[in-house]
Amino acid sequence: MQNRPNALPAADGPSASITARALGALRRDSDGYLDGLNPEQRLAVETTEGPILVLAGAGTGKTRVLTTRIAHLISTGRARPFDILAVTFTNKAAREMKHRIGTLIGPAGEGMPWLGTFHAIGTKILRRHAELVGLKSDFTILGTDDQLRLMKQVLADQNIDEKRWPARSLSHLIDGWKNRGLTPDQVPPGEATSFAFGKGGALYTAYQARLATLNAVDFGDLLLLCLKLWRDNTDILESYQDRFRYILVDEYQDTNVAQYLWLRLLAQKRKNVACVGDDDQSIYGWRGAEVDNILRFEHDFPGATVVRLERNYRSTGHILAAASGLIAKNESRLGKTLRTEDEPGEPVTVTGAWDSEEEARLLAEAIESLQSKKHPLSEIAVLVRISAQMREIEDRFVQLGLPYRVIGGPRFYERAEIRDALAYLRVTMNVSDDLAFERIVNTPKRGLGDATLQQLHTFGRAERVPLLVAARRLCETDELKPKVRQTLRALTESFSRWARLVESQPHSEVAQTILEESGYTEMWQKDRSADAAGRLENLKEFVRSMEEFPDMAAFLEHVSLVMEASEAEGAERVSLMTLHAAKGLEFDTVFLPGWEDGLFPNQRALDESGRAGLEEERRLAHVGLTRARKRAKLSFAVNRRIHGLWSSTIPSRFIDELPAASVDVVEAPAHYSAGASRFDRNPQPFGSSYGTPGWQRAQERTQERTNANSGGRGFGASPGRRGVSSGPRQIEGELIAKSTGTPSAFSEGQRVFHTKFGPGNVAAVDGNKLTVDFDKAGRKMVLESFVQPA
DNA sequence: ATCAACGCGTTTTTT
DNA sequence: ACGCGTTGAT
């Protein structure tokens, strides 16, 4: 261990004098914020000088260390709030940190101007020096959708077939380069040729040029342009190096190369950089995170102190043992062993189900049983590998009337109506926001179609003016048809009027006016589809949320960086989310369904990234297990529908990797059971027995304990055939009826549901065509395959 | 302009 | 299977 207390002379000159530290110690005692830290945590807080890596295992008090460290720096007088740079990945994490610092040292922590996400801080820096990287300081930040639209334009400009070379791929490619800190001229020649017959690099250049003319940046640029700024202007770099006396980084294992370079440039001079993270929780490799950054820390920052936080304050012994045993199978890790002083608690359970539907049912039943034992639903979570698993589980919850909420669903600001509303505001605030203008020029429909837009583009490009200005000018000419000219003039005049309104009225009222006068609200009011009401609701919430900001510009800035919904908390509900969304959360009871090879570990991760992919999947499993305080319940299904096809699956290899002593195999209720062999990892008929790995031994152990009958052998039914062992259930009848496809499954007067038109009654049947009177949409002729019996 | 039919992709998700 | 965006017919 190279950990040493910071009793050695501080390399940093007189600022850390003995008296200063003695005074600090004095204040420290009175504040008492160090009380209750364990020795490792304390070391992590008090080692203020020089590079330090804090390896904080799950539930070891990571955030506490981070916030206490900041409090310590401030209250010992080593730094003032604005001397500290503290970066996080998500706005949520930044908010939480601000809040906790506030409770720790009171209002003194309020003014931490440099606590925020990489992107927020990058934005702040770029706005100050925009002209040095070819921007104006009021540049717009493009979201993913704008980025894609721009990408399409670039491809069209270069006459590249978008079918063959989709904009999405190009977007990925360029994002990948930006994640690695590469500007167009730095892209390795071999890679630049990999898209559209060698045009990859040229397209990147063209895309950047388009961004520049729009005075816009994408998310990657927020970091990349900082790098450029600092490399080209050493004096500015130095001013930031001096400004940030202490640097703290949260979730260091999630940093990508660009972020690493960004940090390294800033930390180079003072080297007071504290990175907190956990290599065992690195689960974002697929979006550019480099586990290597954390694995290489000691190499990158020679003489770094490494502190391991291994005492877990969250989970019981069995849960921790299961998680530790599993993660120990990974080779690329720095190595930590979590320990707890908590009791062993309940073993982790493993349950096999015949199919995913039975799995969902067992899961819901287990939750109901917990509920009846007075376990709060808010302390129960279901964590799935992929979102597609959610549907069946939700169906079950809905049937049982179990209240649940999905965490990390479609984000508020990504909803179409919100993006439309934002586009109106953006154009109002900035006439040259062409992308926003294009989005709403014909929303609601005003008869301004492609042809008109094309004209605007041509004119705008020729005159080098934004689309809105082009529209204004074109209205002065005779080049437009009278009708088009009139609507277009009305629109441009509206925007001018709204822009003036911004000067004189509260911004949320202006927004309200814009939405009404533009006909946007009306568009949704007229819309009879099922979700229109929800959209109007969202718009209302959107306008309301603006009031929290001083002005329109501040609001737009916030929105472009913060893509989160403010969801009502605290309701008594089960939480349902992906494993990724669960990072950082904890619950008393955690259900982990779908532990099957191919699903988890995910086949695609395996195919694309091989061993590294498997290890990342294993880390994901580790993250899942360590979310649980008291109970972790794994399950798998032996049959699952994948892309619509039923296929048989085998239990996840991760199950075998769990330490048997901490795992209980739980039988599904008897009437569904086809015998113990349901758990065979090789579910061919008459189960050819390949190895009989550890977890079956665990099963035997349980069987002894529960005296269960283990008489079965093989499946008795071919894997594809359903319903043999799962008992009579109505759902299956329905499925069979659907798949056998009788010609006239519907009859007059029947109640049906159409995905677009909602519920209605069948008025007439004609072969596979139905005439339906919909409750909201009126009488329509629809194909049978578009409706379901309701 | 609207709606049905066709085709495609389909892990995870933040900023 | 399913949900999407795009195409093609009215």
Side-chain angles (χ1 to χ4, degrees), chain A residues 87-94 116-123 141-144 147-148 152 162-163 166-169 175 178-179 217-224 251 254-256 258-259 282-289 383-392 407-411 413-414 416 442 444-450 558-564 577-584 594 598-609 613 616-617 619-620 623-624 640-647 735 738-739 754-757 768-769 777 780-783 785-786 788:
Chain A
V87 277
T88 63
F89 273 85
T90 63
N91 294 293
K92 197 174 148 208
T117 63
F118 276 100
H119 299 268
I121 290 167
T123 307
I141 301 163
L142 264 39
T144 329
Q147 201 187 335
L148 212 59
K152 281 183 181 160
E162 226 241 277
K163 284 274 149 56
R168 289 184 65 88
S169 315
D175 278 348
K178 290 189 173 179
N179 282 339
V217 299
D218 63 21
F219 285 119
D221 287 337
L222 293 174
L223 298 165
L224 196 57
E251 307 278 18
D254 289 338
T255 49
N256 61 34
Q259 286 155 342
S282 165
I283 55 175
Y284 287 111
W286 50 271
R287 65 177 195 216
L383 312 184
V384 296
R385 177 62 183 79
I386 62 170
S387 308
Q389 284 172 264
M390 288 186 188
R391 214 199 50 139
E392 267 182 309
I407 313 263
R411 259 145 286 286
Y413 292 115
E414 283 169 16
N442 202 28
K445 302 263 186 295
R446 342 181 136 83
L448 300 173
D450 279 350
H558 166 83
V559 164
S560 54
L561 288 169
V562 181
M563 296 296 231
E564 284 173 67
M577 70 195 91
T578 64
L579 285 161
H580 284 89
K583 195 165 87 157
L599 180 61
F600 189 36
N602 188 268
Q603 191 57 49
R604 192 135 158 188
L606 262 36
D607 292 344
E608 278 170 20
S609 319
E616 182 154 314
E617 294 287 298
R619 291 194 289 267
L620 203 46
V623 166
R640 184 177 296 274
R641 210 171 356 187
I642 298 164
H643 304 319
L645 295 171
W646 283 98
S647 33
L735 281 176
K738 232 187 258 174
S739 61
H754 185 282
T755 33
K756 186 152 185 199
F757 302 123
N768 63 345
K769 289 196 191 83
K780 301 252 183 214
M781 183 92 103
V782 292
L783 274 188
S785 54
F786 284 85
Q788 297 157 340

Stepwise, does the side-chain contact (heavy atoms from CB on, under 4.5 Å) test hold for A:Ile141 with A:Leu561?
-> CA-CA 8 Å; A:Ile141 301 163; A:Leu561 288 169; 4.2 Å; yes

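- A:Asn256 places a side-chain N or O within donor-acceptor distance of the main-chain N or O of A:Gln259, the cut-off being under 3.5 Å.
- The side chain to side chain donor-acceptor pair (under 3.5 Å) test applied to A:Gln147 returns A:Asp175, not counting sequence neighbours.
- Note on A:Gly447: only backbone sugar-phosphate atoms sit closer than 4.0 angstrom, heavy atoms only; bases stay farther off.
- Contact annotation: A:Asn91 side-chain N/O to B:dT15 OP1/OP2 distance is under 4.0 Å.
- Rounded to an integer number of Å, the gap from A:Lys92 NZ to B:dT13 P is 13 Å.
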Summarise how protein sits on nucleotides 6-12 of chain B as a single string, 5' to 3': B when a protein heavy atom is under 4.0 Å from the base, S for sugar-phosphate-only contact, - for no contact.
-> ----BBB

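- For the OP1/OP2 pair of B:dT14 and a distance below 4.0 Å, the side-chain nitrogens and oxygens of A:Lys178 include no atom meeting the criterion.
- With C:dC2, B:dT14, B:dT15 as the candidates, the nucleotide lying closest to the side chain of A:Arg287 is B:dT14.
- For the pair A:Asp218 (side chain) and A:Leu142 (backbone), a donor-acceptor distance under 3.5 Å is absent.
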Mind running side-chain contact (heavy atoms from CB on, under 4.5 Å) on A:Trp286 and A:His580 for me, showing each step along the way?
-> CA-CA 12 Å; A:Trp286 50 271; A:His580 284 89; 3.3 Å; yes

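- Distance CZ (A:Phe219) to P (B:dT13): 16 Å, rounded to an integer number of Å.
- When the side chain to side chain donor-acceptor pair (under 3.5 Å) test is applied to A:Arg287, no partner is found at least two apart in sequence or on another chain.
- One can place NZ of A:Lys583 at 12 Å from P of B:dT14, the figure rounded to the nearest angstrom.
- By the salt bridge (charged side-chain N to carboxylate O under 4.0 Å, His left out) test, A:Glu617 is found to be paired with A:Arg385, residues two or more places apart in sequence or in another chain being considered.
- Looking only at side-chain heavy atoms (C-beta outward), A:Gln389 and A:Thr578 stay at 4.5 Å or farther from each other.
- Stem list for DNA chain B (at least 3 consecutive Watson-Crick or G-U pairs, distances under 3.5 Å): B:1-10 with C:1-10.
- Protein atom CD of A:Gln147 is 18 Å distant from nucleotide atom P of B:dT13, rounded to whole Å.
- The side chain to side chain donor-acceptor pair (under 3.5 Å) test applied to A:Asp254 returns A:Lys583, not counting sequence neighbours.
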